[in-house]
Amino acid sequence: MNQHPKSHVTINTPIQFQDELPEKVDVAIIGGGVIGVFTALYLTRMGKSVIVLEKGRIAGEQSSRNWGWIRKHGRDAAELPIMIEADRLWYEANDQTNGQCGVTKAAVNFLSTTDKKQDQYEAWIKLAAEHGVKSHMLSRKQIADIFTGQSDARWQMGTTTPDDARGEPWVAVPNVAKLAQQEGVKIVENCAVRMLDIHAGQIKGVITELGTVNCEQVVLAGGAWSSLFARNHGIHLPQLAVSSSVVQTAPMAEFTSQNSHDEQLAIRRRADGGYSLAVCDGHVAFVGPNACRHMGPYMPALMQGWRDVDLRLKVPKDFPDAWGQARSWTPDQTSPFERNRVLEPEPNPKYIKNIITRFAERFPNIGAPKVQTAWAGMVDTMPDFVPVVDRAPELSGLIIATGMSGHGFGIGPGFAKIIANIATDKPQTHDISRFRMSRFTDGSKLNLGPSL
């Protein structure tokens, strides 16, 4: 790879995409994250004119703040076939950007300090085999070998998918955006979509802070902001967002090249020679009006993992679910998306301390890592930990693609193909019924997917 930015995208990242607003396109995409950018790329290759409208920076939020795992391992059964395709598409995008996505083969390992996950791990091995994914169990010695003898050998068992991969999020999505732009996609950063332009129940365009773009199809891929945008149009989307903290270490000698996590700590080798580290049992959930409104559907998930969630009633100003946040506005009013161009949650000091302590405990021969920087991202999630990818039943022309639940970076290209097929009325090659929006209103029992 060529030299790349040191870390995640922020509001201080220079604007790279400033195309002029066209009068009309076939499809307008709200949100310049991994879903929006790849969807635009595939739609333009299908002969459609496309614009990506990003309120802040391409990949400015969770698309550059995630772990960078491209994993089939441990996926929800409905996501796995899509992820198998996404894995291939990531390598394709990496080739087409001359390696600038940083995609590298790297095993993904789920590790356990007890044998309590035996049944869960065996169920995954069976599911993987049904789809031709070569996952297998790990012995204690094999786990020790993964960490080249540097660990304290605390893990009792694990599972691995050796042909999974990793990418560099902060460069991958912007470089795919450049590729899409070269192929004809219009991209505008610092341009919030305030509202949809609707006539007689049909979308006719998007109204941005810089003007109106006519179109009859819109993809809402706004991440943590999607529910707020949809609510202004009377569409109720039970989406919440939780903050997850990550540490970037300074460059250090490589002791593992694989992606691993146990009950408490996740680790990934970076292209810059350091590691990305995160806690697996600590998330901050800011409880605002939307969270209270949708608490019912989330109760099964909360009951399952309540110890891992820090609920806070004080929501930072201008966050999507802040208590003082506007819930409705008109096209001539400044929207919430202009008041907060890039969502920048503060990393949680307790979790950062835990990350450093846990790393040092697990790797006593290495000790506490030197922290180069730390950040947090808002993970948009749904009550069952799988996304909504569907046409909005209430509004003709709107496609909703959100709630990736922390799994969006890896699977992004696969869902983008699905969204492009929805927009062009082409048949799907995957069963996407699990991701329908109506599952929250049709009386279906929600089936919780994997939260990691």
Side-chain angles (χ1 to χ4, degrees), residues 1-16 32-34 56-70 100-102 104 106 166-175 189 223-224 241-261 264-284 286 310 316 319 340-363 366-379 406 408-410:
M1 285 179 61
N2 295 334
Q3 186 176 6
H4 54 75
K6 293 181 179 180
S7 191
H8 59 290
V9 178
T10 73
I11 191 61
N12 296 318
T13 300
I15 292 173
Q16 300 183 66
V34 63
R57 302 291 184 273
I58 293 294
E61 297 190 2
Q62 192 57 19
S63 286
S64 72
R65 296 162 188 259
N66 60 83
W67 295 357
W69 292 15
I70 301 173
Q100 291 302 296
C101 294
T104 303
R166 67 173 187 255
E168 301 298 329
W170 40 91
V171 292
V173 178
N175 276 295
E189 292 179 303
V242 296
S243 174
S244 180
S245 298
V246 180
V247 159
Q248 173 185 343
T249 76
M252 57 196 297
E254 181 175 288
F255 66 97
T256 182
S257 62
Q258 300 184 22
N259 312 307
S260 301
H261 82 68
Q264 294 184 326
L265 185 71
I267 181 170
R268 180 186 78 86
R269 182 68 170 174
R270 299 162 53 92
D272 60 14
Y275 286 87
S276 288
L277 310 174
V279 289
C280 300
D281 60 346
H283 305 282
V284 176
F286 297 108
D310 180 3
F319 270 40
N340 192 340
R341 297 284 181 183
V342 175
L343 196 53
E344 296 269 16
E346 290 290 329
N348 186 293
K350 180 181 76 173
Y351 296 154
I352 299 305
K353 181 180 178 181
N354 286 346
I355 289 170
I356 297 167
T357 300
R358 291 170 180 178
F359 182 92
E361 290 172 348
R362 284 158 177 74
F363 307 106
I366 300 172
K370 181 179 179 181
V371 176
Q372 187 161 296
T373 189
W375 68 83
M378 293 298 287
V379 179
F409 178 75

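- To the nearest 0.5 Å, atoms CE (M378) and OG (S244) are separated by 10.5 Å.
- Here I355 contributes atom CD1 and S276 contributes atom OG; the two are 10.0 Å apart, rounded to the nearest 0.5 Å.
- Here CG of N348 is found 5.0 Å from OG of S245. Values are rounded to the nearest 0.5 Å.
- When all heavy atoms of H261 and C280 are compared, the closest pair comes out as CB-SG, 3.8 Å.
- Within the model, atoms CG of N175 and CH2 of W170 stand 13.0 Å from one another, a figure rounded to the nearest 0.5 Å.
- Across every non-hydrogen atom of N259 and A106, the tightest pair is ND2-O, 3.5 Å.
- Between the side chain of R65 and the backbone N or O of V9, at least one donor-acceptor pair lies under 3.5 Å.
- By the 4.5 Å heavy-atom criterion applied to side chains, F319 and P345 are counted as neighbours.
- Counted by atom type alone, Q264 and R362 present one or more donor-acceptor pairs between their side chains at under 3.5 Å.
- The CD atom of E344 sits 8.0 Å away from the CD atom of E61 when rounded to the nearest 0.5 Å.
- R358 is listed as a side-chain neighbour of V279, based on a closest heavy-atom distance under 4.5 Å.
- A distance-only check finds no donor-acceptor pair linking the side chain of S243 to the backbone of A376 [under 3.5 Å].
- Taking the side chain as every heavy atom from C-beta outward, T256 and F363 never approach each other to under 4.5 Å.
- For V242, the side-chain contact (heavy atoms from CB on, under 4.5 Å) criterion is met by H283, A285, V379, not counting sequence neighbours.
- Between E361 and L265, every side-chain heavy-atom pair lies at or beyond the 4.5 Å cut-off.
- One N or O on the side chain of R57 and one on the backbone of T13 form a donor-acceptor pair closer than 3.5 Å.
- The shortest heavy-atom contact between L343 and A224 is CD2-CB, 4.1 Å.
- For E346, there are no side-chain contact (heavy atoms from CB on, under 4.5 Å) partners two or more places apart in sequence or in a different chain.
- A donor-acceptor pair is defined here as one N or O able to donate and one able to accept, closer than 3.5 Å; such a pair exists between the side chain of E189 and the backbone of Q16.
- Within the 4.5 Å cutoff, no side-chain heavy atoms of P347 are placed close to those of V246.
- A donor-acceptor pair shorter than 3.5 Å cannot be found between the side chains of R269 and S257.
- When all heavy atoms are compared, the tightest approach of P174 to I58 is CA-CG2, 4.0 Å.
- The shortest side-chain heavy-atom distance between Y351 and V284 falls under the 4.5 Å cut-off.
- Atoms CD and OG, on E168 and S64 in that order, are 12.0 Å from each other to the nearest 0.5 Å.
- In terms of modelled atom types and a separation under 3.5 Å, the side chain of S63 and the main chain of V34 share a donor-acceptor contact.
- The closest donor-acceptor contact from the side chain of T249 to the backbone of Y275 lies under 3.5 Å.
- Considering every non-hydrogen atom in both A266 and W69, the closest pair reads CB-CZ2, 4.4 Å.
- The salt bridge (charged side-chain N to carboxylate O under 4.0 Å, His left out) test applied to R166 returns no partner, not counting sequence neighbours.
- Residues Q372 and P251 meet the side-chain proximity criterion, which asks for heavy atoms closer than 4.5 Å.
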